[in-house]
There are 2 protein chains.
Amino acid sequence: MQKKFRSPCAIASTLDVLGDKWSLVLVRDMLIKGKKTFKEFSSSPEGIATGILASRLKLLESYGLITKRKLPDNKKENIYLLTEKGIDLAPVIMEITLWGDKYMRAYNEELSSYEALKKDKTVAINTVQKNYRQVVAQIIG
Amino acid sequence: MQKKFRSPCAIASTLDVLGDKWSLVLVRDMLIKGKKTFKEFSSSPEGIATGILASRLKLLESYGLITKRKLPDNKKENIYLLTEKGIDLAPVIMEITLWGDKYMRAYNEELSSYEALKKDKTVAINTVQKNYRQVVAQIIG
DNA sequence: TTAATTACTTTCAAATTAGAAGTAAAATGC
DNA sequence: GCATTTTACTTCTAATTTGAAAGTAATTAA
């Protein structure tokens with residue numbers, strides 16, 4: 001499961017793990033959209049195949065970015081939650097969002113906009129992280 | 001060449017273009033390491049295959065992140081330079097570097113560290129961008 | 001003027017992805 | 001309490017992408 005790293009570079013090593021089209025979309029689903037279950041991730045507009053989803057969740061779990069658990073009153077659903085390591089990707093997600101908002105609209109006219117984020121980046125990042133931690137606290141107590 | 005977008009999400013759309021193991025490594029090579037030629041990119045420690053390199057350079061050029069030109073005194077070498085759009089990826093690169101520096105060392109002990117960046121993120125980003133613009137100005141006048 | 005360099009392209013095997021279908025356990029409906 | 005649906009997968013296969021190596025054409029260096 002664990003991969004080899006191409007070099008001693010922090011960027012390259014991070015991309016060795018997260019450098020694909022899906023991993024950060026899943027982090028976005030959790031952090032921004034509050035998604036928690038396989039079903040919810042499956043239903044994202046991007047349309048991830050279930051096989052890829054299962055393998056990405058495993059990868060993220062193996063690197064400690066997410067945890068997988070069941071709630072006492074539901075033996076069927078698995079709940080996937082970001083760890084602090086995962087929550088700490090918020091600045092990366094936000095900078096990608098800002099860059100995309102600024103430059104990708106020329107290619108994808110449908111892009112939605114992110115006014116709050118553009119107004120105050122630091123506040124927006126802190127808010128998203130704080131909100132997510134509250135969601136986690138409510139679920140695992 | 002131009003791809004389809006999976007959704008109206010800025011993150012997903014950005015990853016539709018840059019979401020792979022190589023594109024941001026090339027941006028790093030240019031922005032941080034001042035690399036400019038096919039040969040220089042080829043010689044990075046990550047060891048990109050020449051076929052992949054050629055296709056990535058084409059992709060980045062097609063999305064206006066880089067330009068390709070020849071200098072008057074050298075008909076052989078192509079010079080690849082980041083545009084403003086590409087230079088604007090500095091915050092993304094820096095956040096990925098910070099995250100990787102903090103969390104990937106557990107998996108890749110060889111990781112080099114980034115003290116200046118950790119001390120003042122904003123200054124580090126501005127410095128890198130300013131330096132790169134100077135390099136560009138010196139080359140294209 | 002021969003050799004080396006640069007920037008590729010081509011080729012092919014291996015790995016990854018996408019899409020569809022299948023499965024087992026748990027929950028829901030009647 | 002039994003059949004149906006739901007959830008979270010796994011499996012399968014085809015298509016795409018990657019990686020490694022070798023080849024090529026134009027330019028530059030010796």
Side-chain angles (χ1 to χ4, degrees), chain A residues 1-7 12-13 15-26 29-30 34-63 66-81 139, chain B residues 1-7 12-13 15-26 29-30 34-63 66-81 139:
Chain A
M1 196 78 221
Q2 233 75 320
K3 307 182 172 183
K4 280 149 201 121
F5 294 101
R6 289 173 289 177
S7 77
S13 298
L15 294 175
D16 282 334
V17 177
L18 298 175
D20 68 80
K21 300 214 180 302
W22 290 112
S23 298
L24 288 176
V25 166
L26 291 178
D29 274 353
M30 295 188 241
K35 295 190 179 186
K36 298 177 293 293
T37 63
F38 195 96
K39 181 80 188 312
E40 288 173 316
F41 302 132
S42 279
S43 72
S44 286
E46 288 84 13
I48 190 170
T50 58
I52 310 283
L53 175 54
S55 79
R56 282 297 174 288
L57 289 171
K58 235 167 237 168
L59 181 78
L60 293 176
E61 198 188 359
S62 84
Y63 278 100
I66 64 174
T67 57
K68 176 183 179 178
R69 76 187 70 218
K70 283 187 205 297
L71 297 183
D73 59 336
N74 189 329
K75 285 170 190 152
K76 192 158 66 164
E77 280 188 336
N78 288 317
I79 306 290
Y80 296 93
L81 296 172
I139 291 169
Chain B
M1 197 76 220
Q2 233 73 323
K3 308 185 172 181
K4 280 152 202 117
F5 294 101
R6 291 173 289 177
S7 76
S13 299
L15 294 175
D16 282 333
V17 176
L18 298 174
D20 67 81
K21 300 213 181 301
W22 291 111
S23 298
L24 288 176
V25 167
L26 292 177
D29 274 353
M30 295 188 241
K35 296 190 178 184
K36 295 177 294 294
T37 63
F38 195 95
K39 181 79 188 311
E40 289 174 316
F41 302 132
S42 278
S43 73
S44 285
E46 289 83 14
I48 189 169
T50 57
I52 310 281
L53 175 53
S55 78
R56 281 297 174 288
L57 289 172
K58 236 167 237 168
L59 181 78
L60 294 176
E61 198 188 359
S62 83
Y63 278 101
I66 64 174
T67 56
K68 176 182 178 178
R69 75 187 71 220
K70 284 187 204 298
L71 297 183
D73 60 336
N74 189 328
K75 287 171 187 149
K76 191 158 67 162
E77 280 187 335
N78 288 317
I79 305 290
Y80 296 93
L81 295 174
I139 291 168

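Chain letters run A, B, ... following the sequence lines, proteins first and then strands; every chain starts at 1. Being a predicted model, the structure only gives us computed values, none of them experimental.
Note that OG of A:S44 and CH2 of A:W22 are 8.0 Å apart. Values are rounded to the nearest 0.5 Å.
In this structure, B:L57 places its CG atom 16 Å from P of C:dT6, rounding to the nearest Å. Remark: C1' of C:dA24 and NZ of A:K76 are 11 Å apart, rounded to the nearest angstrom. Note: CD1 (B:I79) to C1' (C:dC8) measures 15 Å, nearest angstrom. The interatomic distance linking A:F41 (CZ) with D:dA8 (P) rounds to 9 Å, in whole Å. Following rounding to the nearest Å, A:E40 (CD) and D:dC9 (P) show an atom-to-atom distance of 13 Å. Protein atom CG of A:L53 is 16 Å distant from nucleotide atom P of D:dT11, rounded to whole Å. When rounded to the nearest whole Å, the span between CG of B:L26 and P of D:dT18 equals 12 Å. The CG atom of B:D20 sits 15 Å away from the P atom of C:dT16 (whole-angstrom rounding).
In plain terms, the two heavy atoms of A:L71 and A:I79 that are nearest each other are CG-CG1, 3.7 Å. The minimum heavy-atom distance linking A:V17 with B:K21 is given by the pair N-NZ, 4.5 Å. Closest non-hydrogen pair, B:I48 versus B:F41, comes out as CG2-O, 3.8 Å. Closest heavy-atom contact between A:A12 and B:E46: CB-OE2, 3.5 Å.
Minimum atom distance to the side chain of A:K75 is reached by C:dA26, of the listed C:dA26, D:dT7, C:dT17. Of the candidate nucleotides D:dT7, C:dC8, D:dT28, D:dT7 has the atom nearest to the side chain of A:E77. Looking at the side chain of A:Y80, the nearest of the listed nucleotides D:dA8, D:dC9, C:dC8 is D:dC9.
Where B:F38 and A:D73 each meet DNA chain C at their nearest nucleotide, the meeting point lying more 5' is that of B:F38.
Checking the phosphate oxygens (OP1, OP2) of C:dT9, a side-chain nitrogen or oxygen of B:K58 falls inside 4.0 Å. Distances shown here put a side-chain N or O of B:K68 below 4.0 Å from the OP1 or OP2 atom of C:dC8. Contact between the side-chain N/O atoms of A:N74 and the OP1/OP2 oxygens of C:dA26 is not found at any separation under 4.0 Å. An OP1 or OP2 oxygen of D:dT7 is reached within less than 4.0 angstrom by no side-chain nitrogen or oxygen of A:N78.
Using a 4.0 Å heavy-atom cutoff across all strands shown, B:S42 reaches no nucleic acid atom at all.
Partner of B:Y80 under the side chain to side chain contact (heavy atoms under 4.5 Å, CB included) criterion, chosen from B:K68, B:K35, B:E40, B:R69: B:K68.
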Atom pairs under 3.5 Å: protein N/O with N/O of nucleotides 18-21 of chain C:
{"residue": "C:dA18", "atom": "OP2", "partner": "A:W22", "partner atom": "NE1", "Å": "3.0"}

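Residues B:E61 and B:T67 fail the side-chain proximity criterion, which asks for heavy atoms closer than 4.5 Å.
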